[in-house]
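By convention here, the first residue in the shown sequence is residue 1. Computed from heavy atoms alone, side chains included, the values below leave out hydrogens, waters and symmetry copies. As the structure lists them, so they are numbered: ligands from 1, and atoms in each ligand from 1.
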Amino acid sequence: MKSKLELENKYKRDFPILKEKINGKELVYLDNAATTQKPEAVLDAVYNYNKTMNANPHRGAHSLSVRATEAYQEARDNVRDFINAEHSKEIIFTRNTTESLNLIAYSLGETLNEGDEVVVSVIEHHSNIVPWQQLAKRKNIKLKFLYPDENYKIPMTELEEKITDKTKIFSISQMSNVTGVINPIKEMAEYAHKMGALVVVDGAQGAPHIKTDVRDLNADFYAFSGHKMLAPMGIGVLYGKKVLLEQIPPFLTGGGMIEYVDEQSASYAPLPEKFEAGTPNAEGAVALSAAVDYLRDIGLDYIEEKEKELTAYALEKMNELDFFEIAGPTDLEDRGGIISFNIKGVHPHDLASIVDTEGIALRSGYHCAQPLMKYFDISATGRISFYFYNTKKDIDKFISAVHKTREVFGYGS
Ligand code: 7TS
């Protein structure tokens with residue numbers, strides 16, 4: 001068992017960027033909800049793929065192409081294992097959560113008819129709202145919203161009121177990228193299924209931080225992004241139950257996803273190729289697989305525990321200061337390591353640029369969740385978000401930079 005200090009040093013070694021100097025200061029990276037950093041193991045995987053196996057997977061019988069195909073398939077198997085899906089063909093590689101959600105909103109949406117309803121929540125990222133709006137327009141169906149209570153949680157009574165026998169799809173995030181609220185997906189899915197709806201889960205802030213078993217959650221579809229869990233940008237995943245993916249039409253069409261093509265029509269390849277038109281991001285998939293290995297090695301239990309400890313510490317420090325207003329639950333059981341806040345008298349954008357001079361990276365703005373901001377009647381928040389490589393020292397530096405910022409604005413610390 002390594003001591004905390006040994007682990008912190010290990011992460012500094014494993015993640016070269018954490019040693020970077022920003023404005024002459026050591027980087028304090030608190031923008032993990034936007035994207036995470038990459039360990040050497042992932043950087044090496046990208047390099048090795050390109051050095052030893054790059055070719056177009058599935059095209060051509062030459063040995064290098066076979067090597068690339070095998071590496072791509074192994075990555076799929078590894079991701080299957082990571083979320084405990086039943087079959088590798090249930091893992092569709094996409095660019096990111098946004099593309100995964102667009103895919104499902106389009107392809108599953110094709111099976112809906114006028115009068116059907118889709119239910120989402122107001123706490124969703126735009127990527128889990130706009131594709132459903134497009135579907136609603138295209139198919140003339142109704143899009144309904146669930147709202148959180150004063151504790152930022154969506155009560156089950158909201159589901160009982162809004163999800164009816166007209167609801168064909170219920171799409172919900174596992175964790176909010178603004179309030180950090182963790183939704184009880186299993187319980188929600190059970191209710192939606194009872195009403196006959198299919199359940200789509202936006203796992204962008206889930207899979208990287210919470211041990212996720214899609215079969216235990218009983219999600220029909222589950223979307224996430226590689227770049228939020230140590231992999232490069234441009235690789236994402238859509239999990240879907242085999243029987244459902246087989247029934248719905250493809251999203252993007254063209255090369256790679258067909259069986260036979262004649263002048264006027266085409267038949268589609270079996271899963272997963274049916275949903276992977278065009279040359280895939282094989283190096284991204286291989287890098288995601290290396291990220292999965294790294295995360296498995298650390299253990300999601302450890303990651304959850306570490307992030308809880310950091311969140312508890314940050315909330316304690318922030319609550320000691322009366323100028324912080326926190327937009328999220330205070331009960332640690334209901335939240336992950338994402339804290340949105342406002343500081344009386346300091347605009348979040350000013351805060352972000354001033355703390356940047358201290359090497360601190362945090363996010364300010366509406367976090368691609370305008371309906372939620374409107375619902376709370378706030379225009380922007382600051383946001384810090386953790387990953388397992390953050391430390392209490394990072395939080396101390398953030399708090400001290402906040403004091404400095406307030407001094408710039410003429411407040412005493
Ligand atoms: N869903 C949630 C809950 C998210 O947090 C994000 C990205 C997405 C979907 C979209 O993911 P993408 O990989 O397709 O872009 N969230 C954020 C964020 O909070 N700051 O920058 C991106």
Just wondering, are more than 12 heavy atoms of other shown residues or ligands nearer than 6.0 Å to NZ in Lys306? yes
Q.
For Lys51, is the NZ atom crowded, meaning more than 12 foreign heavy atoms sit under 6.0 Å from it?
A.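 No, because the 6.0 Å sphere around NZ of Lys51 holds 12 heavy atoms or fewer from other groups.
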Examine Phe398 together with Phe341 and report whether their ring centres are nearer than 6.0 Å.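 Between Phe398 and Phe341, the centre distance is under 6.0 Å.
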Output side-chain donor-acceptor pairs under 3.5 Å for residues 269-277, partner residues at least two apart or in another chain, one line each.
residue, atom, partner, partner atom, Å
Lys274, NZ, Leu245, O, 2.8
Lys274, NZ, Glu246, O, 3.1
Lys274, NZ, Ile248, O, 2.6
Glu276, OE1, Tyr72, OH, 2.8
Glu276, OE1, Arg76, NH2, 3.2
Glu276, OE2, Arg76, NH1, 2.8
Glu276, OE2, Phe93, N, 2.6

Applied to residues 139-182, the ring pair (Phe, Tyr, Trp, His ring centres under 6.0 Å) test, sequence neighbours excluded, yields Tyr147-Tyr375, Tyr152-Phe376
In short, ring pair (Phe, Tyr, Trp, His ring centres under 6.0 Å) pairs touching residues 187-222 with sequence neighbours left out are His209-Tyr387, Tyr222-Phe224
List, pair by pair, the atoms of ligand 1 and of the protein that are both N or O and lie under 3.5 Å apart, giving the separation rounded to 0.1 Å.
residue, atom, partner, partner atom, Å
ligand 1, 1 (N), Asp202, OD1, 3.3
ligand 1, 1 (N), Asp202, OD2, 2.5
ligand 1, 5 (O), Gln205, NE2, 2.8
ligand 1, 13 (O), Ser225, OG, 2.7
ligand 1, 13 (O), His227, NE2, 2.7
ligand 1, 14 (O), Thr97, N, 3.4
ligand 1, 14 (O), Thr98, N, 2.9
ligand 1, 14 (O), Thr98, OG1, 2.5
ligand 1, 16 (N), His125, NE2, 3.4
ligand 1, 16 (N), Lys228, NZ, 3.0
ligand 1, 19 (O), Asn177, ND2, 2.8
ligand 1, 19 (O), Arg383, NH1, 2.6
ligand 1, 19 (O), Arg383, NH2, 3.3
ligand 1, 20 (N), Arg363, NH1, 2.5
ligand 1, 20 (N), Arg383, NH2, 3.2
ligand 1, 21 (O), Arg363, NH1, 2.9

